[in-house]
Amino acid sequence: MRLYDTWSRSLVELPEPPGPVRMYFCGPTVYARAHIGNARPFVVGMWLRAWLRANGYDAELVHNITDINDKIYDAAPGASAELAARATQWYLDDTGDLGLGMPDHLPRATDSVPAIVAFIEELIAHGHAYESGGDVYFSVASHPEYGRLSGQRPDQVEQGEEPTALKRDPRDFALWKTNKPATEDTWWDSPWGRGRPGWHIECSVMAEQIYGPAFEIHGGGLDLVFPHHENEVAQSHALGHPFAQIWAHNGMLRFTGEKMSKSTGNVATIRDALEQWGSETILVFFLTASWRKPIDYSEETMRQAAARRDTLRNAFTLEPAPVEEERWRAFVVTLDDDFDTPAALAVLHEWATVGQLELLRRGLAIFGLESLAEREEAPPEVRDLAERRARARTERDFETSDRLRDELGALGWEMRDEPGGGYMLVRRA
RNA sequence: GGCGCCUUGGCCGAGUGGUUAGGCAGCGGCCUGCAAAGCCGUUUACAGCGGUUCGACUCCGCUAGGCGCCUCCA
C-alpha cells in the first residue's frame with residue numbers, strides 16, 4: 001500500500017504487513033462542539049486503521065486532545081478546565097456516534113506536562129531553545145532544516161502582530177508560556193516558573209510518549225502543515241529523533257451551503273450533522289472525496305450522499321449472487337493506491353449492481369457501514385398494518401390499501417410489493 | 001509579498017497521450033392497481049489561449065477563476 005507524503009511530496013510505499021503502522025492524527029482543541037470538518041482526520045485515521053488491520057497490519061492510532069490552549073481560556077474565563085473536560089466529552093460522544101469505534105489512545109495535553117517539561121529541558125540543553133522572561137522559545141536558527149515540511153521560506157513568513165521582544169528571532173515559537181494570572185486559570189510548575197506548554201510541543205511529546213522517537217504516519221488537516229507540524233518536526237528532529245516517516249494531510253472541508261460560512265461562525269457541528277443526516281450518510285459523504293482533496297459540505301452534497309446510502313442499502317433486498325472472491329481484488333487495488341475511497345465506492349456500487357452482497361457487506365464494514373447490510377425486523381404493529389394492507393390489495397380495495405401504506409410511512413416503514421401478493425418491509429432512514 | 005493546491009457533463013466525483021469510472025438528479029421504457037425498489041436506455045464533459053505531438057481532456061507555458069496556509073484553525 002502507498003500513501004501520499006507531504007514531507008517527500010510523493011507516494012510512499014508502506015512496509016509489508018504486519019508493519020507495524022503506528023499513526024498519530026492531530027485531534028481537536030476542546031473549547032466548543034467540534035464542527036463537521038473536525039471529523040475528517042478522525043474518520044480518515046479510523047478508516048486507515050481498519051483497512052490496514054484487515055490486511056494483516058499491526059496498526060495503531062493515537063488521536064490527541066488539546067486541552068490547554070488560548071481558545072479555552074477565552075471561552076471560559078475562570079473555568080477553563082471545566083470547559084475543556086466538558087468539550088472533551090462532547091468530542092468523544094460525537095465521534096463515537098459516527099460508529100467507527102475509537103482510537104487506541106486519546107492522550108490529553110494536561111496529562112503530559114511533566115514529559116513536556118523534560119522535552120523542553122533537553123531542547124535547551126542542546127542549544128535549540130532558550131528561556132526568556134519565563135517563556136521558552138525554540139530557536140529556529142539552530143535548526144537549518146526548518147521549513148522543509150511546509151516549503152515556507154523563513155524570510156518571507158509574515159510577521160505576527162504579537163510583540164516579539166522576548167524572542168531572539170521573530171520566527172522563533174513558544175515551547176512554554178509564562179502564566180498570565182488575569183486570563184489564565186490553569187498553570188503548571190516548571191524550571192522557568194508557573195506556566196503552560198505551547199501547542200506544538202504538546203503533540204511532539206504525546207506522540208513520542210506513546211510510540212517512542214520514531215513512528216510511521218503523522219496525520220492531520222492540511223491547515224496544520226504550517227506552523228504546527230513544521231514546528232513539531234523541528235522539535236523532534238532537533239533532538240535527533242526520526243519522528244514520523246509519512247506525513248498524511250487531509251484536505252479541508254468547505255462549508256458551501258448558503259446558510260453556512262466559517263467567517264460568520266455559522267457552521268454545522270458533528271452533532272448537527274448527526275442529527276440532520278445520521279452517521280451513515282456522513283460516512284458515505286466522506287467516502288465520495290479523496291482524503292487529500294477538499295470536500296464541500298452543503299445541503300445538496302449531503303442529500304446526494306443520503307441517496308447513495310439508500311442505493312447501497314437497497315442492494316441487500318435483492319437476491320445475492322454466488323460469491324466471486326476474486327472480485328475483492330478490485331477493491332484492494334483502489335485502497336492500496338493512496339486510499340482512493342471514491343474509486344472504492346465505485347467498486348461497492350458495482351458489487352451492489354451485480355449482487356455480490358457478501359463482498360459488499362465486507363467492503364462496507366471497512367468504512368463502518370456494515371449497518372447498511374442489516375435488515376431491521378418490523379415491530380408487531382407494523383406487521384399488522386402490512387397484513388391488513390396486503391389483504392386490502394388482494395380484495396382490490398386500493399383506497400384502504402393506499403391509506404394503510406401512508407400509515408406505515410408515518411411509522412417510518414416502507415412496504416415494497418412483490419409479484420404474487422408478497423411484500424417486503426423496509427425501514428426508512 | 002511568500003509557500004502550496006484546485007478548475008471534468010445539471011450536481012458530486014474517478015481516470016487515461018489515441019478504446020470516455022461510478023453515483024445522484026433529469027428524461028423515456030419495462031415492472032406495478034398506483035407507487036416504491038429493481039432493470040434497460042438516454043442526456044454533444046474535460047476553464048480559456050498558445051505550444052509539443054501523427055494525435056491532448058491527459059505533457060509544457062501563459063491567462064482567468066476558486067481555495068488553504070503564512071506562529072497557536074482538523
Side-chain angles (χ1 to χ4, degrees), chain A residues 6 9 25-29 34-45 63 66 68-71 137-138 140 147 150-162 164 167 170-174 177 197-202 219-228 230-231 249-254 262 284-285 287-290 292-296 298 300-315 317-319 334 340-350 352-353 355 393 396-399 401-402 405 409 414-419 423-424 426 428:
Chain A
T6 307
R9 315 218 172 236
F25 273 63
C26 279
T29 296
H35 66 72
I36 185 68
N38 288 291
R40 180 114 99 142
F42 177 90
V43 169
V44 169
H63 194 56
T66 298
I68 308 173
N69 189 287
D70 279 341
K71 289 194 165 184
Y137 294 96
F138 183 90
V140 169
S150 62
Q152 290 289 331
R153 302 226 311 258
D155 53 314
Q156 290 291 345
V157 169
E158 228 173 26
Q159 299 307 321
E161 317 214 344
E162 300 276 316
T164 53
K167 298 182 185 179
R171 301 170 299 167
D172 293 350
F173 57 90
K177 299 193 123 186
W199 179 36
H200 317 301
I201 193 73
E202 294 173 1
L222 209 43
D223 54 341
L224 296 184
V225 176
F226 190 89
H228 185 51
E230 189 72 71
N231 292 353
H249 289 107
N250 62 269
M252 308 307 288
L253 178 143
R254 298 185 295 214
K262 213 172 172 190
V284 171
F285 165 70
L287 232 31
T288 60
S290 159
R292 291 199 280 130
K293 295 207 171 165
I295 188 168
D296 292 338
S298 69
E300 173 68 12
T301 55
M302 290 306 286
R303 215 183 44 69
Q304 289 190 22
R308 283 183 100 120
R309 174 209 57 191
D310 291 341
T311 298
L312 292 168
R313 182 164 41 210
N314 280 331
T317 64
L318 303 176
E319 275 301 303
T334 62
D340 186 356
T341 58
L345 185 56
V347 173
L348 295 179
H349 278 291
E350 169 69 16
T353 302
R393 275 191 75 222
R396 304 194 67 78
D397 177 3
F398 298 125
E399 207 171 302
S401 166
D402 289 349
R405 181 163 59 194
E414 182 183 310
M415 190 164 172
R416 294 182 186 167
D417 299 335
E418 290 169 349
Y423 60 86
M424 182 182 286
V426 180
R428 281 200 325 206

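Here is the naming used below: chain letters follow the sequence lines, and residue numbers restart at 1 for every chain. Excluded from the calculations below are hydrogen atoms, water molecules and symmetry mates; all remaining heavy atoms, backbone and side chain alike, are included.
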When you match A/Ala307 and A/Glu414 each to their closest nucleotide on RNA chain B, which lands nearer the 5' end?
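Mapping each residue to its closest nucleotide by heavy atoms, the 5'-most match is A/Ala307.
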(Q) Which is more 5' along RNA chain B, the nucleotide nearest A/Ser150 or the one nearest A/Glu300? Just name the residue. (A)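 Per heavy-atom nearest nucleotide, the more 5' residue is A/Ser150.
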Examine distances only and state if a side-chain atom of [X] and a backbone atom of [Y] form a donor-acceptor pair shorter than 3.5 Å.
X	Y	answer
A/Thr66	A/Thr29	no
A/Thr353	A/His349	yes
A/Thr301	A/Asp296	yes

Please confirm whether any donor atom in the side chain of [X] sits under 3.5 Å from an acceptor in the base of [N], or the reverse.
X	N	result
A/Gln304	B/C12	no
A/Arg416	B/A35	no
A/Arg254	B/C6	no
A/Asn314	B/G38	no

Complement of B/A64, any strand, by Watson-Crick or G-U distances under 3.5 angstrom: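 By the stated definition (distances under 3.5 Å), B/U7 pairs with B/A64.
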Partner nucleotide of B/C57 by Watson-Crick or wobble geometry (both distances under 3.5 Å):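 Paired with no nucleotide.
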Distance below 4.0 Å between A/Thr288 side-chain N/O and B/G23 OP1 or OP2:
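Indeed not, no polar side-chain atom of A/Thr288 lies that close.
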Next on the checklist: Measuring to OP1 and OP2 of B/G13, would you say a side-chain N or O of A/Ser290 lies under 4.0 angstrom away?
Outcome noted: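 No, outside the criterion.
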Does [X] reach a base, just sugar-phosphate, or nothing at all? Heavy atoms under 4.0 Å.
X	value
A/Gly37	base
A/Thr66	nothing
A/Asp340	sugar-phosphate
A/Ile295	nothing
A/Thr311	sugar-phosphate
A/Arg292	nothing
A/Gly219	nothing

Closest approach of [X] to [Y] (non-hydrogen atoms, all atoms of both residues):
X	Y	answer
A/Gly251	A/Leu222	CA-CD2, 4.4 Å
A/Pro342	A/Thr288	CG-O, 3.5 Å
A/Glu230	A/Gly151	OE1-N, 4.3 Å
A/Ala289	A/Ile295	CB-CD1, 3.6 Å
A/Lys167	A/Asp172	NZ-O, 2.9 Å

Of the candidate nucleotides [options], which contains the atom at the shortest distance from the side chain of [X]?
X	options	result
A/Lys293	B/A35, B/U7, B/G23	B/U7
A/Arg405	B/A21, B/G13, B/A35	B/A35
A/Asp223	B/A14, B/A74, B/C24	B/A74
A/Met252	B/U71, B/A74, B/A14	B/A74
A/Thr29	B/A74, B/C11, B/G4	B/A74
A/Asp70	B/G23, B/G33, B/C72	B/C72
A/Leu224	B/C34, B/A74, B/U71	B/A74
A/Phe398	B/A74, B/G33, B/G13	B/G33
A/Arg40	B/A37, B/G22, B/A74	B/A74
A/Arg393	B/C34, B/C70, B/G38	B/C34

Protein-nucleotide distance ([X], atom [atom1]; [N], atom [atom2]), rounded to Å:
X	N	atom1	atom2	answer
A/Asp310	B/A37	CG	P	9 Å
A/Leu253	B/G68	CG	P	12 Å
A/Arg396	B/C34	CZ	C1'	11 Å
A/Arg308	B/C24	CZ	C1'	7 Å
A/Asp397	B/C34	CG	C1'	14 Å
A/Lys167	B/U71	NZ	P	9 Å
A/Leu345	B/G22	CG	C1'	7 Å
A/Met424	B/A35	CE	C1'	16 Å

What integer number of Å spans the [atom1] atoms of [N] and [M]?
N	M	atom1	answer
B/G26	B/G10	P	15 Å
B/U58	B/U20	C1'	12 Å
B/G48	B/G65	P	15 Å

